[in-house]
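Data block below; observations after.
This chain uses plain numbering: 1 for the first residue, then up along the sequence. Nothing here was measured: the structure is a model prediction, and the numbers come from that model.
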Amino acid sequence: MPISLSNVAVEAFRDQFTNVYQAAAVLGNTSQSVMSVVGEAYKWPIQGAGLMVERGAFQSLLPVSDIDYNQVTTTFDNYVLNLPVDIFQQAELNINAMQSLGSVHAKAAGRREDQFIIDALNTTTTSPIAADGKNMTVEKIVAAATQMDEANVDADDRFLIMTPSQLKSLMSEETATSTLYVNNHVLMNGQIDTFMGFRVITIGNRDTGGLPKDGDNRTCFAWQKDAVGRAYSLNPHTEVDWSPAHQSWLTISRMRCGASALLSDGIVPILCDETA
């Protein structure tokens with residue numbers, strides 16, 4: 001690949017990265033996020049609920065209230081994708097090839113960003129809903145919603161992630177199809193929609209790890225956005241640099257990021273037997 005890269009080609013690479021990256025990271029808006037953190041870690045302030053008390057007698061001192069306070073520390077991991085483009089491989093790199101290369105970088109960055117969230121969800125201390133020899137069922141989703149409701153978890157911005165195996169199992173249930181098919185045609189077409197207040201997200205098996213699997217049991221997750229926090233020390237970025245020593249153009253993407261489970265009540269693991 002190229003003897004020279006024009007400014008137009010380099011900009012096309014960056015534009016392609018930005019556009020595809022935003023689409024590739026399917027969990028991009030499912031957590032709290034802070035950007036451009038300075039330091040070796042980020043400390044999330046976690047405050048408990050406040051309880052109002054009676055005022056007391058007129059003219060008396062106001063009673064002093066207290067709330068629990070702690071911190072959750074998110075450390076950072078460094079990731080990079082470096083794809084050299086040797087000057088002797090090809091005389092010229094056209095714009096379409098550069099855009100395709102931008103796509104490769106963007107999808108890799110998007111998958112890695114998703115995995116930060118999945119790994120954080122997998123650290124929750126909440127007891128999972130048991131597999132009980134079943135794959136995903138309406139009953140399990142209702143149980144997850146009920147568990148969160150009973151813990152007074154915010155009803156907005158709730159998410160449910162599963163693999164196509166769980167979606168297939170769910171669609172085989174008469175209860176699910178009778179409600180979802182009538183009201184949510186897009187879910188039947190394999191797209192994202194909502195059920196029991198959850199935005200449903202499906203992902204396949206991934207080289208980055210994907211959803212955890214132990215034997216036949218896959219762990220899916222229901223969660224509320226504020227229950228997970230993601231922090232960036234280096235925001236996802238891509239660039240093209242010339243390396244004289246290697247006689248190559250280096251197309252490099254990098255990020256320094258971390259994520260943590262912040263509120264265990266807002267995360268519910270759901271075990272699913274994929275052989276059922």
Side-chain angles (χ1 to χ4, degrees), residues 25-35 37 41-51 67-77 110-131 136 139-163 166-167 192-203 206 208-214 217-233 235-236 255 257-272:
V26 297
L27 302 182
N29 193 35
T30 63
S31 71
Q32 300 186 54
S33 295
V34 292
M35 312 295 284
V37 175
Y42 182 77
K43 297 184 182 295
W44 300 89
I46 309 297
Q47 292 184 340
L51 179 65
I67 60 174
D68 295 330
Y69 175 83
N70 58 67
Q71 292 181 329
V72 173
T73 300
T74 295
T75 56
F76 301 116
D77 292 316
R111 289 191 299 269
R112 171 44 52 190
E113 183 180 64
D114 287 346
Q115 198 62 44
F116 280 118
I117 296 295
I118 294 171
D119 292 346
L121 292 169
N122 200 34
T123 64
T124 184
T125 57
T126 305
S127 297
I129 294 173
M136 184 63 74
E139 180 183 7
K140 291 183 180 183
I141 299 175
V142 172
T146 301
Q147 187 170 320
M148 293 171 71
D149 290 341
E150 290 179 344
N152 297 308
V153 175
D154 196 328
D156 295 329
D157 294 322
R158 290 185 179 185
F159 303 92
L160 173 63
I161 189 169
M162 64 182 73
T163 72
Q166 283 76 59
L167 184 60
I192 296 172
D193 200 17
T194 58
F195 182 53
M196 284 301 298
F198 294 108
R199 175 184 158 198
V200 180
I201 301 170
T202 57
I203 65 168
R206 292 184 170 186
T208 52
L211 291 176
K213 187 175 182 180
D214 183 10
N217 290 340
R218 178 83 66 176
T219 303
C220 302
F221 296 95
W223 77 101
Q224 202 276 336
K225 182 176 182 176
D226 293 338
V228 183
R230 177 173 46 200
Y232 296 88
S233 179
N235 302 343
M255 70 170 68
C257 184
S260 300
L262 306 180
L263 306 169
S264 290
D265 286 344
I267 303 172
V268 181
I270 304 173
L271 298 182
C272 298

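Using a 4.5 Å cut-off on side-chain heavy atoms (C-beta onward), Ile267 and Val228 make contact. At a threshold of 4.5 Å between non-hydrogen side-chain atoms, the residues Leu167 and Met136 do not count as touching. In this structure the side chain of Leu262 never reaches within 4.5 angstrom of the side chain of Asp226, judged on heavy atoms. The shortest side-chain heavy-atom distance between Leu27 and Phe116 does not fall under the 4.5 Å cut-off. Between Tyr42 and Tyr232 the shortest side-chain heavy-atom distance does not fall below 4.5 Å. Considering only heavy atoms from C-beta on, Ile161 stays 4.5 Å or farther from Ile117 through its side chain.
The SG atom of Cys272 lies 9.0 Å from the CD1 atom of Ile129; values are rounded to the nearest 0.5 Å. Between the CG atom in Leu263 and the CE atom in Met148 there is a gap of 10.0 Å [rounded to 0.5 Å]. Here the straight-line distance linking atom CZ of Arg199 with atom CG of Leu160 works out to 11.5 Å at 0.5 Å rounding. Atoms NZ and CG, from Lys213 and Leu271 in turn, are 13.0 Å apart once rounded to the nearest 0.5 Å. The CG atom of Leu211 lies 8.0 Å from the OG1 atom of Thr219; values are rounded to the nearest 0.5 Å. The SG atom of Cys220 sits 12.0 Å away from atom CD1 of Ile201, with the distance rounded to the nearest 0.5 Å.
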**Message:** Set out, in order, the CA-CA distance, both residues' side-chain angles and the distance that settles side chain to side chain contact (heavy atoms under 4.5 Å, CB included) for Phe198 and Ile141, then state yes or no.
**Reply:** CA-CA 9 Å; Phe198 294 108; Ile141 299 175; 3.9 Å; yes

**Message:** side chain to side chain contact (heavy atoms under 4.5 Å, CB included), that's the test. Do Glu113 and Cys257 meet it? Break it down for me.
**Reply:** CA-CA 8 Å; Glu113 183 180 64; Cys257 184; 5.8 Å; no

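Here the shortest heavy-atom pairing between Asn217 and Ala131 reads OD1-CB, 3.7 Å. Across every non-hydrogen atom of Ala130 and Lys140, the tightest pair is O-CE, 3.5 Å. Heavy atoms only, all atoms of each residue included: Ala144 and Ile270 are closest at CB-CD1, 3.9 Å.
Residues satisfying the ring-ring contact (aromatic ring centres under 6.0 Å, His included) criterion with Phe221, sequence neighbours excluded, are absent altogether. For Thr74, the side-chain hydrogen bond (donor to acceptor under 3.5 Å, both in side chains) criterion is met by Trp44, Ser260, not counting sequence neighbours. Every residue two or more places apart in sequence or in another chain that forms a side-chain hydrogen bond (donor to acceptor under 3.5 Å, both in side chains) with Thr163 is listed here: Gln166, Glu274. With sequence neighbours excluded, no residue forms a side-chain hydrogen bond (donor to acceptor under 3.5 Å, both in side chains) with Gln224. Arg111 pairs by the side-chain hydrogen bond (donor to acceptor under 3.5 Å, both in side chains) definition with nothing, not counting sequence neighbours.
A side-chain donor-acceptor contact under 3.5 Å links Trp223 to the backbone of Thr30. Distance alone, capped at 3.5 Å, places no donor-acceptor pair between the Thr208 side chain and the Arg112 backbone. At least one donor-acceptor pair closer than 3.5 Å links the side chain of Gln115 to the backbone N or O of Gly210. Listed for the Thr123 side chain is a donor-acceptor partner under 3.5 Å among the backbone atoms of Ala120.
Residue-environment remark: CG (Asn29) stays at or below the threshold of 12 foreign heavy atoms within 6.0 Å. No more than 12 heavy atoms of other residues, nucleotides or ligands sit less than 6.0 Å from atom NZ of Lys43. Residue-environment remark: CG (Asp214) stays at or below the threshold of 12 foreign heavy atoms within 6.0 Å.
Applying the side-chain hydrogen bond (donor to acceptor under 3.5 Å, both in side chains) test to pairs two or more places apart or on separate chains, those with a residue in residues 145-155 are Asp149-Arg158.
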